[in-house]
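Worksheet for the structure shown next.
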Amino acid sequence: MSTQPNPTAHGDADIADEHGHGHSIAAWAGVAVCLLGFLILSLAIVFPSWTWGIVGGVVILASLVVAAGLAKAGYGVKGADGKPVGAGRPKR
């Protein structure tokens, strides 16, 4: 007897298309800029420097601005019209 859930229990929509799960240009760009900030901050700890520590912190905060700006421009999980990006794609 199989105890696996029915694969069609959620209908024809992909779960990734339905929820987005953060797979967007805005999310990836925000993470990339944040990682760069953490790299700068970690180098400021290894080679003690207040200046580079502050620069790393500013870059980390800038990653939030980058992600929010790209999301507002329509590159987020929701498009510029406010609808989920994957909602209008044809079924596979």
Side-chain angles (χ1 to χ4, degrees):
M1 176 172 236
S2 176
T3 59
Q4 294 179 347
N6 185 359
T8 59
H10 294 288
D12 292 333
D14 261 344
I15 297 297
D17 286 345
E18 183 180 334
H19 299 292
H21 293 286
H23 298 296
S24 67
I25 294 173
W28 283 104
V31 168
V33 174
C34 189
L35 285 173
L36 177 67
F38 275 108
L39 174 68
I40 294 169
L41 192 60
S42 65
L43 290 174
I45 292 171
V46 172
F47 307 107
S49 171
W50 279 99
T51 305
W52 286 107
I54 292 170
V55 169
V58 168
V59 171
I60 291 169
L61 292 176
S63 71
L64 298 172
V65 175
V66 167
L70 285 172
K72 290 271 186 193
Y75 293 102
V77 176
K78 294 183 179 180
D81 57 357
K83 293 180 181 176
V85 175
R89 282 199 279 192
K91 305 289 185 228
R92 290 186 233 173

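Given the structure is predicted, the values throughout are model-derived calculations rather than measurements.
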Exercise. How many angstroms lie between CD1 in Ile40 and CG in Leu43, if you round to the nearest 0.5 Å?
Worked result: 8.0 Å

Exercise. Does one hydrophobic cluster hold both Ile60 and Val55, with members joined at side-chain heavy-atom distances below 4.5 Å?
Worked result: no

Exercise. Same cluster for Val66 and Ile25 if Ile/Leu/Val/Met/Phe/Trp/Tyr side chains link at under 4.5 Å?
Worked result: yes

Exercise. Which atom names give the shortest non-hydrogen contact between Val33 and Val59, and what distance separates them?
Worked result: O-CG1, 3.5 Å

For this session: Looking only at non-hydrogen atoms, find the nearest pair between Ser63 and Gly30 and report the distance.
Result: CB-O, 3.3 Å

Exercise. Between atom CG of Leu39 and atom CH2 of Trp52, what is the distance when rounded to the nearest 0.5 Å?
Worked result: 10.5 Å

For this session: Give the cluster check for Phe47 versus Leu41: same hydrophobic cluster or not, with ILVMFWY residues linked at side-chain heavy-atom distances below 4.5 Å.
Result: no

Seminar exercise, completed: Smallest heavy-atom separation, Ala26 atom then Ala71 atom, equals CB-N, 3.7 Å

Seminar exercise, completed: Residues Ser24 and Gly76: closest non-hydrogen pair is CB-C, 3.5 Å

Exercise. Rounded to the nearest 0.5 Å, how far does CH2 of Trp28 lie from CG of Leu70?
Worked result: 14.5 Å

